[in-house]
Amino acid sequence: MSAKTRVGVLVSGRGSNLQALIDAAKAPHYPAEIVLVISNVPGVQGLARAEAAGIATRAIDHKGFPNREEFETALHETLTAAHVELLCNAGFMRLLTEGFVNRWLNRHLNIHPSLLPAFKGLNTHARVLESGARLSGCTVHFVRAAMDDGPIVAQAAVPVVAGDTEDTLAARVLAAEHRLYPHALHLVASGEAQVEGELVAEKPGSESRSALFSPPLKGTV
Ligand code: GRF
């Protein structure tokens, strides 16, 4: 059996996506293992989740550094000391400089709660509701220096339904995130999905032929 990809996860808070990755990685044939979880905010639930799973943790508080570069140097050195091969942002709320992004180029994933390239940035769900969009969802993509930008690995769509509030839509999207991120990490860690140019190429045979319609089509599907 080939060795599992050593994954580091960056969090800033609740860590429910981290939990989904931890749970998925327990499967014997999952191609990645989480070896380190780093938070830029001390004391968050994400760190407690990792500790409960017996995973090494570090709090590297960005406030303790004079500038972004020195914070990122500490981050990078901690990741390389743990022999991390692939990095996953999971609710990590710091923008990273081009220098750090380039050091982890094509070895660094992020999850964003919209169907990118629509609705980049913060307050996603409120803006989706204001726009009148009928579908929202989530995206796992490789990280680039521009926020919520980079080659898309996988997406899941969810309907926006009548009466939705930010909270109800966020909960529906989050449930999809918890299924999507383990799937996307599997694709990348196994080598089934990789960056070619500025797109992600998937090995043939893994395409899904179904589509999600919202509102549903009547009588035709
Ligand atoms: C998720 O919605 C993720 O897409 C966004 O921040 C949220 C983090 O939630 N980037 P959690 O910390 O994984 O529970």
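One-based numbering, in listed order, for ligands and for the atoms of each.
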Would you say L18 has any N or O atom under 3.5 Å from an N or O of ligand 1, going by distance alone? no
In terms of ring plane angle, is the pair F92 and F71 parallel, tilted or perpendicular, where the classes change at 30° and 60°? parallel
Just need the protein heavy atom nearest to atom 5 (C) of ligand 1, so name the residue and atom and give the distance. P113 CD, 4.0 Å
So, T97 versus E69: side-chain donor-acceptor pair below 3.5 Å or not? no
Check whether T124 reaches the backbone of G121 with its side chain - one donor and one acceptor, N or O, closer than 3.5 Å. yes
Look at atom 9 (O) of ligand 1 and say which protein heavy atom is nearest, naming residue and atom and giving the distance to 0.1 Å. R14 NH2, 3.0 Å
for atom 6 (O) of ligand 1, nearest protein heavy atom and its distance come out as G91 CA, 3.7 Å
Side chains of P113 and H125, heavy atoms from C-beta outward: is any pair under 4.5 Å? yes
Does any N or O of ligand 1 fall below 3.5 Å from an N or O anywhere on I111, backbone included? yes
What is the nearest protein non-hydrogen atom to atom 3 (C) of ligand 1, stated with its residue, atom name and distance? E177 OE1, 3.1 Å
If the threshold is 4.0 Å, N to carboxylate O, is there a salt bridge linking E198 and R144? yes
For atom 12 (O) of ligand 1, find the nearest protein heavy atom and state the residue, atom name and distance (0.1 Å precision). G15 N, 2.9 Å
Between Q155 and L116, is there a donor-acceptor pair closer than 3.5 Å when you use the side chain of the first and the backbone of the second? yes
